[in-house]
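See structure below.
Since the structure is predicted, the reported quantities are computational estimates derived from the model, not experimental observations.
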Amino acid sequence: MLYGLLGMAIGVLMPSQSAINNRLRSAVASPWVMATISFLVGTLCLAVLTWATAGTLGFDSNHLTTQPGWLWIGGLVGVVGMTTTVLLLPIIGALYSTALNLTAQVITTMTIDHFGLFGVDIYEASPWRLVGALIVLLAALLAVIGGRARPQLQRAAPSPIWYLVGLGVGICFGIQVAVNGQLTTVLGSAIHAGFISFLVGTAALLCLLAITRPSLRLTVPAGERKNPWWMWLGGVLGALYVTGVAFLSPLIGSAATVIVTQTGIIAGSLAVDHFGLLSAPKKPVQPLQVIGLVFMVAGVIIMNAPELFA
């Protein structure tokens, strides 16, 4: 249960990162520039921590020939999921995007754990895990829907293919959890694995910038006198999240990692919205959202009931 609490604490960080990155985006205009800056900051942060803990930023070159190629794609898969989300939000809206992403992540990681895909330890989809995961999923959707009105489209309904793309995003993030967990096992350090993941992601984003050639300019949004210093720190929180997930995944399984961190993300989102933290607009928490969060915690307990009450 201690790992579950750690996962929730890690998840709580992510809404703050989103708020920070949104503020950075308003200053640099381009979402790709914002993402690249965030990844660069995270990579530098993890580089310092990796050097301090491992004494090197490299790794045994034999890993490149003895380990499967997919071991190194965690950062790339994460960037694909992130950039696709940016493109998808204006098409299907945040509500559907969040619901599809979460659903696909839970199903993907439960499948990975049950069959031991990507070399992970097998965590069979027992009745406890299935019921707990279902409760968490439904409760999370309740928390998301409870705070948002159903989107009213002002144009023709999006093609169903876009909803499949939304599921694909969740699959990408689910795979990233398992892959980075295995990289942690191989390198013997979640910090080192997080650094490699961020380094690969940063390289992919720099290639994207070279292709798209967005405008590189820093501005102060209307109504503000200057840009806050904290808008550059989103990458630090992202680095903590990726490293934390890479640490937890080999210990409790990919599905449990996703579920406990998502519970923390929902809790953190409610706090950011309710108190208007980090320049985010205030949105009072709704009763359905609180109910959803309570049931998410209950679902996490049910998933771990055999271990808790053995």
Notebook entry, point to check: Between Ser38 (side chain) and Met34 (backbone), is there a donor-acceptor pair under 3.5 Å?
Noted result: no

Notebook entry, point to check: Would you say Thr261's side chain and Met8's backbone share a donor-acceptor pair under 3.5 angstrom?
Noted result: no

Item checked: Any donor-acceptor N/O pair, Thr263 side chain to Ile259 backbone, under 3.5 Å -> yes

Item checked: CG-CD1 distance between Leu142 and Ile135, expressed to the nearest 0.5 angstrom -> 13.0 Å

Margin query: Looking at every heavy atom in both Met82 and Ala35, which two are closest together, and how far apart are they?
Written below: CE-CB, 3.5 Å

Check: Short question: side chain of Thr103, backbone of Leu100 - any donor-acceptor pair under 3.5 Å?
Finding: no

Check: Do Pro221 and Asn227 come within less than 4.5 Å of each other through their side chains, counting heavy atoms only?
Finding: yes

Check: Ile20 and Trp230: which non-hydrogen atoms are nearest, and at how many Å?
Finding: CG2-O, 3.3 Å

Note to self: Please give me the minimum heavy-atom distance between Arg129 and Ala255, naming the atom from each residue.
What the structure shows: NH2-CB, 3.8 Å

Item checked: Minimal non-hydrogen separation, Pro250 against Tyr123, with atom names -> O-OH, 3.9 Å

Note to self: Using the rule given for side chain to side chain contact (heavy atoms under 4.5 Å, CB included), can you reason through Ser269 versus Gln289, listing the C-alpha separation, both sets of side-chain angles and the distance that settles it, and then say yes or no?
What the structure shows: CA-CA 10 Å; Ser269 297; Gln289 294 177 298; over 6 Å; no

Next item on the list: Evaluate the side chain to side chain contact (heavy atoms under 4.5 Å, CB included) criterion for residues Met231 and Ser26: first the C-alpha distance (whole Å), next the side-chain angles of each, then the deciding distance (0.1 Å), finally the verdict.
Entry: CA-CA 10 Å; Met231 76 177 189; Ser26 68; over 6 Å; no

Notebook entry, point to check: What heavy-atom pair brings Arg217 and Ala29 nearest, and what distance separates the two atoms?
Noted result: NH2-CB, 3.8 Å

Note to self: I need the Trp162 CH2 to Ile91 CD1 distance, nearest 0.5 Å.
What the structure shows: 4.0 Å

Margin query: Please evaluate residues Leu218 and Val28 with respect to the criterion side chain to side chain contact (heavy atoms under 4.5 Å, CB included), reporting the C-alpha separation (whole Å), side-chain torsions for both, the decisive distance (0.1 Å), and the verdict.
Written below: CA-CA 5 Å; Leu218 183 64; Val28 299; 4.0 Å; yes

Next item on the list: Taking the side chain as every heavy atom from C-beta outward, state whether Leu137 and Leu102 have any atom pair closer than 4.5 Å.
Entry: yes

Next item on the list: May I ask you to test the Val200-Ile73 pair for a side-chain heavy-atom distance under 4.5 Å?
Entry: no

Next item on the list: Determine, stepwise, if the pair Val79 / Phe39 fulfils side chain to side chain contact (heavy atoms under 4.5 Å, CB included).
Entry: CA-CA 10 Å; Val79 166; Phe39 263 73; 4.0 Å; yes

Item checked: Heavy atoms from other residues, nucleotides or ligands near CH2 of Trp70 exceed 12 (cutoff 6.0 Å) -> yes

Check: Any side-chain heavy-atom pair from Val186 and Phe59 closer than 4.5 angstrom?
Finding: no

Notebook entry, point to check: Hey, does Ile112 have a side-chain heavy atom less than 4.5 Å from the side chain of Val177?
Noted result: no

Margin query: Quick check on Phe118: does its CZ atom have over 12 non-hydrogen neighbours (other residues, nucleotides or ligands) under 6.0 Å away?
Written below: yes

Notebook entry, point to check: Can you tell if the side chain of Val106 reaches within under 4.5 Å of the side chain of Val136, non-hydrogen atoms only?
Noted result: no

Item checked: Qualifying residue for side chain to side chain donor-acceptor pair (under 3.5 Å) with Ser197, from Thr184, Thr243, Asn180 -> Asn180

Note to self: When you group the ILVMFWY residues by side-chain heavy-atom contacts below 4.5 Å and let the links chain together, are Leu64 and Leu71 in the same group?
What the structure shows: yes

Next item on the list: Rounded to the nearest 0.5 Å, what's the gap from CZ on Phe115 to CD on Glu124? Could you check?
Entry: 10.0 Å

Check: At what distance, to the nearest 0.5 angstrom, does NE2 of His274 lie from NZ of Lys283?
Finding: 14.0 Å

Next item on the list: Return yes if some donor-acceptor pair links the side-chain N/O of Gln17 with the main-chain N/O of Gly234 below 3.5 Å, else return no.
Entry: yes

Item checked: Validation row: Val285, Asp273 side chains within 4.5 angstrom (heavy atoms) -> no

Next item on the list: Can you spot which of Val77, Thr84, Asn101 makes a side chain to side chain contact (heavy atoms under 4.5 Å, CB included) with Cys172?
Entry: Val77

Check: For the residue pair Gly11 and Pro15, what are the closest heavy atoms and their distance?
Finding: O-CD, 3.3 Å

Next item on the list: Consider only side-chain heavy atoms of I, L, V, M, F, W and Y, link residues closer than 4.5 Å, and tell whether Val242 and Val236 are in one cluster.
Entry: yes

Item checked: Side-chain heavy-atom pair Phe173, Thr85 within 4.5 angstrom cut-off -> yes

Item checked: Pairwise distance CD(Gln105) to CG(Leu167) - rounded to 0.5 angstrom -> 11.5 Å

Next item on the list: Say whether Val41 and Leu208 are linked into one hydrophobic cluster, either directly or through other cluster members, by side-chain heavy-atom distances under 4.5 angstrom.
Entry: yes

Check: Do the side chains of Trp232 and Leu237 join up, straight or via other hydrophobic residues, at under 4.5 Å, putting them in one cluster?
Finding: yes

Note to self: Could you check whether any side-chain N or O of Gln286 sits under 3.5 Å from a backbone N or O of Pro284, counting only pairs where one atom can act as donor and the other as acceptor?
What the structure shows: yes

Margin query: Working to the nearest 0.5 angstrom, can you tell me the gap between Gln262 CD and Thr98 OG1?
Written below: 9.0 Å

Check: Is it true that Met110 and Leu251 fall in one hydrophobic cluster, defined by side-chain heavy atoms closer than 4.5 Å?
Finding: yes

